[in-house]
Amino acid sequence: SGSSPIIGAINSTFNGGAVLGALQGGLTMDRFGRKLTILMGALICLVGAILQCTAQNLAMILIGRIFTGWAVGLLSMAVPVYNSECADPKIRGLLVGLSQQMIGIGFIV
């Protein structure tokens, strides 16, 4: 079991990474496109997940949390844009809103 500062660090590093990913999202999408940005986000998340699952010390957990946060921030920017660009204009709002709602339900579950 960890102390409160360690638990706080584990939680906050994810959010710090997410800020970086969200700030990077627009630039990355403009430069590399939506699909490649989503692929980058998935690969960054995979690296973060592997680091966390194989962690031998606190540093590995924290770096893994930063990577997964970074990926979530990047994907939070890229996926709704990609969804809206691919959707038929008549149901665009429904599809993007439904996608976000499913994320919320996933958090609850």
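Residues take their numbers from the sequence shown, with the count starting at 1. All values below come from the heavy atoms of this structure, side chains included, with hydrogens, waters and symmetry mates left out.
With a 4.5 Å cut-off on side-chain heavy atoms, Q24 and L27 do not count as touching. For the pair I66 and F14, the minimum side-chain heavy-atom distance is 4.5 Å or more. Looking only at side-chain heavy atoms (C-beta outward), D88 and L95 stay at 4.5 Å or farther from each other. Between I7 and N11 the shortest side-chain heavy-atom distance falls below 4.5 Å.
Rounded to the nearest 0.5 Å, atoms CG (N83) and CG (L98) are 10.0 Å apart. One distance of note links NZ of K90 with CZ of R92; it measures 12.0 Å at 0.5 Å rounding.
Under the side-chain hydrogen bond (donor to acceptor under 3.5 Å, both in side chains) criterion, T13 pairs with no residue at all, not counting sequence neighbours. Under the side-chain contact (heavy atoms from CB on, under 4.5 Å) criterion, Y82 pairs with R34, K35, I38, C86, not counting sequence neighbours. With sequence neighbours excluded, no residue satisfies side-chain hydrogen bond (donor to acceptor under 3.5 Å, both in side chains) with T37.
Apart from I50 itself, the hydrophobic cluster it occupies contains L46, where clustering links Ile, Leu, Val, Met, Phe, Trp and Tyr at side-chain heavy-atom distances under 4.5 Å. Apart from L36 itself, the hydrophobic cluster it occupies contains F32, L39, M40, L43, I44, V47, L51, M60, I63, F67, W70, L74, where clustering links Ile, Leu, Val, Met, Phe, Trp and Tyr at side-chain heavy-atom distances under 4.5 Å. Grouping Ile, Leu, Val, Met, Phe, Trp and Tyr residues whose side-chain heavy atoms lie under 4.5 Å apart, directly or via other members, places M29 in a hydrophobic cluster with M77, V81.
Placement of M102 and V109 within a single hydrophobic cluster is found when ILVMFWY residues are connected by side-chain heavy-atom separations under 4.5 Å, directly or transitively.
When every heavy atom of G64 is checked against every heavy atom of Q52, the shortest pair comes out as O-NE2, 3.3 Å. Contact between A71 and G41 at its shortest, heavy atoms only, is CB-O, 3.2 Å.
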